[in-house]
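These numbers come from a predicted model, not from an experiment.
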Amino acid sequence: MAAIGTVAVHDLVQRRHAILRNFPVVGHARYWLEAIGPELRQYIVAGNDEERPFSRDQRRWVYASAKLQNNYFGFGTDNDLEHGAGNVIVHHRTFGDAHPTHGAVGQEARLPSAKVLGQARGRRHAFRPASVVNVSGMSFGSLSGNAIEAINRGAAAAGCLHNTGEGAVSPHHRHGADLVFQIGTAYFGCRDEQGRFSMARLKELVATTPVRAIEIKLSQGAKPGLGGVLPAAKVSREIAETRGVPLGVDCLSPSRHAEFHDVDSMLDFVERVADETGLPVGIKSAVGDLGFWRELTDAMAAGDRGVDFVTVDGGEGGTGASPLIFTDAVSLPFRLGFARVYAEFARRGLHQDVTFIGAGKLGLPDNAVVAFALGVDMVNVAREAMLAVGCIQAQKCHTGECPTGVATQNPWLARGLDPADKSERVTNYVKTLRRDLLKVSETCGVEHPALIRPDSVEVLDTLSEGRFLDEIYGYEPGWGFPSAPDLASIRAIMAAADEDESQTEGPPETSQRGRESVGAAGEKPAM
């Protein structure tokens, strides 16, 4: 009673909060309920399709996939097909010559890129990525060391690439996965004592780590034009040493690069990095003013300079910390932004020589299918990988108080995340997404998601009207596909790398291997 009386007196005399002055003691309940509002909505109030950025259904699919649990849904769709707009409908084909693996739980679901990264420009270390699903840039600092380690181990087991983010290569990135090293505006990991870019240090890094490609970050979908933001609460001693910054001070990357100032100087920088390292070099950017993309494609049309890949980040993408206006309103959503960028390359005949990577909630099968139909060659996943390692969408990334140890540098919170256990969940999630993409490709009658046509996906405005992707985004015939040689190569790879299908009750003619094995007399091959 004495304690309650003390609180009541304090509330009555303080002048900062009117609610507490008017309702001493009980007024604290309002602030407590406000603090746990996201959790209340998540577990009690919100419907299956209401939450953002990821709905309950979407999170449930990721969680179940990561744990190899039942990720099917019963009774019918939760999508409001009767009254809602923007619903995606994939057009299946009744008959098709392509029969990729159905994909059973636990299968590898091998799905390499349809394009060889860096081949068009003759990079010395050009390669074909083994997975069309890869991990997007999330720095050590934004994520805990245990989370980075879990994702890296999981990516290695799934055979996919792990983008370092702009926070340099930490010890947690060295657990087996091939890396895409991201060069940000602060040049962490490849800078000198004054913070300037150092080619010597970049080459030393490439020589001592499994870096397969280099991505120059121009901007990010959730905060274009801001640079990186790592709050002081997250700048631990290990992060300070990894990045070369002061301990416990806000770590703010510049909004612009110092090594180049326009398209011409940027392409010079790209070619210099590619020549010195031999690696494919690309750019990552959100989409706003198209003037940059027109200048870039005009400059690349000459043929002597160019980027090997373009990562387009949608405005619906995630970030650890950003002002609300930037998160909500400063860059185009992925579909619209990517379609406009792709069109600039396609009009100049460059679209088949560049690998396109998409990011921004593309770790969900329906969004990924739309991206592939628009011309994406690979998708990067970020928050979906975080969900796989335990994120519960508490939306406390910017505070350093992530309750599951994913987006925090608090040692007590981070210790709750077991990298060995969570790495398996990352692997399972990536394989399951690839398996679903294979199954949808089969439904569309093609061997690979990169071969899904823009006119195979329709977006419904209402129950009485819908339009195909090529109509919506003004695609011309032939856009959205790799070149003829790339098409032939990926079809051959998919045929050779196919896995045994799950046993079905149908005749052998209905399975790929059965079709190939049936003799002239139609006899079933010996088992």
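Between Gln182 and Glu166, the side chains place no donor N or O within less than 3.5 Å of an acceptor N or O (distance only, hydrogens not considered). A donor atom on one side chain and an acceptor atom on the other are not found under 3.5 Å apart for Ser144 and Thr408.
Residues Phe127 and Asp178 have side chains not in contact (no heavy-atom distance under 4.5 Å, counting atoms from C-beta outward). With contacts defined as side-chain heavy-atom distances shorter than 4.5 Å, the pair Trp61/Asp436 qualifies. Side-chain contact check for Val132 versus Phe372: some heavy-atom pair is nearer than 4.5 Å. Side-chain contact check for Ile216 versus Val307: every heavy-atom pair is 4.5 Å or farther apart. In this structure the side chain of Lys115 reaches within 4.5 angstrom of the side chain of Phe356, judged on heavy atoms. A heavy-atom distance below 4.5 Å is not found between the side chains of Val88 and Val369. In this structure the side chain of Asn163 never reaches within 4.5 angstrom of the side chain of Asn134, judged on heavy atoms. Counting only heavy atoms from C-beta outward, the side chains of Arg174 and Thr209 approach each other to under 4.5 Å.
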- [ ] Begin from the C-alpha positions of Ser65 and Asn71 and carry the test side chain to side chain donor-acceptor pair (under 3.5 Å) through to its verdict.
- [x] CA-CA 6 Å; Ser65 299; Asn71 64 357; 3.0 Å; yes
Open item on the list: Please evaluate residues His172 and Leu143 with respect to the criterion side chain to side chain contact (heavy atoms under 4.5 Å, CB included), reporting the C-alpha separation (whole Å), side-chain torsions for both, the decisive distance (0.1 Å), and the verdict.
Closed with: CA-CA 11 Å; His172 309 288; Leu143 269 57; over 6 Å; no
Task: Residue pair Ile214, Leu202: steps toward the side chain to side chain contact (heavy atoms under 4.5 Å, CB included) verdict - done: CA-CA 10 Å; Ile214 295 174; Leu202 176 63; 4.1 Å; yes
TODO: Give the intermediate values and the outcome of side chain to side chain contact (heavy atoms under 4.5 Å, CB included) for residues Val169 and Phe181.
DONE: CA-CA 8 Å; Val169 178; Phe181 178 65; 3.8 Å; yes
- [ ] Would you sort out whether Leu179 and Asn152 count as a side chain to side chain contact (heavy atoms under 4.5 Å, CB included), showing the intermediate values?
- [x] CA-CA 9 Å; Leu179 302 175; Asn152 189 265; 3.7 Å; yes
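Ion pairing between a basic and an acidic side chain is recognised when a charged N comes within 4.0 Å of a carboxylate O; Asp418 and Lys422 show no such pairing. In this structure, Arg201 pairs ionically with Glu193, as a charged nitrogen and a carboxylate oxygen lie closer than 4.0 Å. Between Glu241 and Arg237 no salt bridge is recorded (no basic side-chain N to carboxylate O distance below 4.0 Å).
Applying the salt bridge (charged side-chain N to carboxylate O under 4.0 Å, His left out) test to Lys361 and every residue at least two apart in sequence or in another chain returns nothing.
Judged by distance alone, with hydrogens and angles left aside, the side-chain atoms of Asp11 form a donor-acceptor pair with the main-chain N or O of Val25 at under 3.5 Å. Between the Arg434 side chain and the Ala158 main chain, a donor and an acceptor come within less than 3.5 Å of each other. The backbone N or O of Ala85 sits nowhere less than 3.5 Å from a side-chain atom of Asp461 that would complete a donor-acceptor pair. Panel note: side chain Ser219, backbone Ala286; a donor-acceptor pair is recorded below 3.5 Å. Of the possible donor and acceptor atoms, one in the side chain of Asn146 sits under 3.5 Å from a partner among the backbone N and O of Leu417. Proximity of a side-chain donor or acceptor of Arg153 to a complementary backbone N or O of His175 within less than 3.5 Å is not detected. A donor-acceptor pair under 3.5 Å is absent between the side-chain atoms of Asp313 and the main chain of Ser285, judged by distance alone. Using modelled atom types, no side-chain atom of Glu442 and backbone atom of Leu437 make a donor-acceptor pair closer than 3.5 Å. Thr185 places a side-chain N or O within 3.5 Å of a backbone atom of Pro254 that can act as its donor or acceptor partner. Checked by atom type and distance alone, the side chain of His448 pairs as donor or acceptor with a backbone atom of Ala450 at under 3.5 Å.
Between the CG atom in Leu161 and the CZ atom in Arg212 there is a gap of 7.5 Å [rounded to 0.5 Å]. To the nearest 0.5 angstrom, Ile392 atom CD1 is 8.5 Å from Arg59 atom CZ. Separation of atoms NZ (Lys217) and CD1 (Ile283) is listed at 14.0 Å; rounding is to 0.5 Å. The distance from the CZ atom of Phe188 to the OG1 atom of Thr164 is 12.0 Å, given to the nearest 0.5 Å. The CE atom of Met378 sits 8.5 Å away from the OG atom of Ser131 when rounded to the nearest 0.5 Å. Between atom CG of residue Asn380 and atom CD of residue Glu215 there is a gap of 7.0 Å, rounded to the nearest 0.5 Å.
The minimum heavy-atom distance between Thr404 and Cys391, with the atom names listed, is OG1-CA, 3.8 Å. What you find for Ala157 and Thr427 is that their closest heavy atoms are CB-OG1, 3.3 Å. The shortest non-hydrogen separation linking Ile183 to Phe197 is CD1-CE1, 4.3 Å. The heavy-atom pair separating Val235 from Leu247 by the smallest distance is O-CD1, 3.3 Å. A pairwise comparison of heavy atoms in Tyr187 and Glu259 identifies OH-N, 3.1 Å as the closest pair. When all heavy atoms are compared, the tightest approach of Leu117 to Ala213 is CD2-CB, 4.1 Å.
The only option from Val379, Leu362, Val287, Asn367 that meets the side-chain contact (heavy atoms from CB on, under 4.5 Å) definition with Phe334 turns out to be Leu362.
Taking the six-membered ring for Trp and the full ring otherwise, the centers of Tyr342 and Tyr473 sit at least 6.0 Å from each other.
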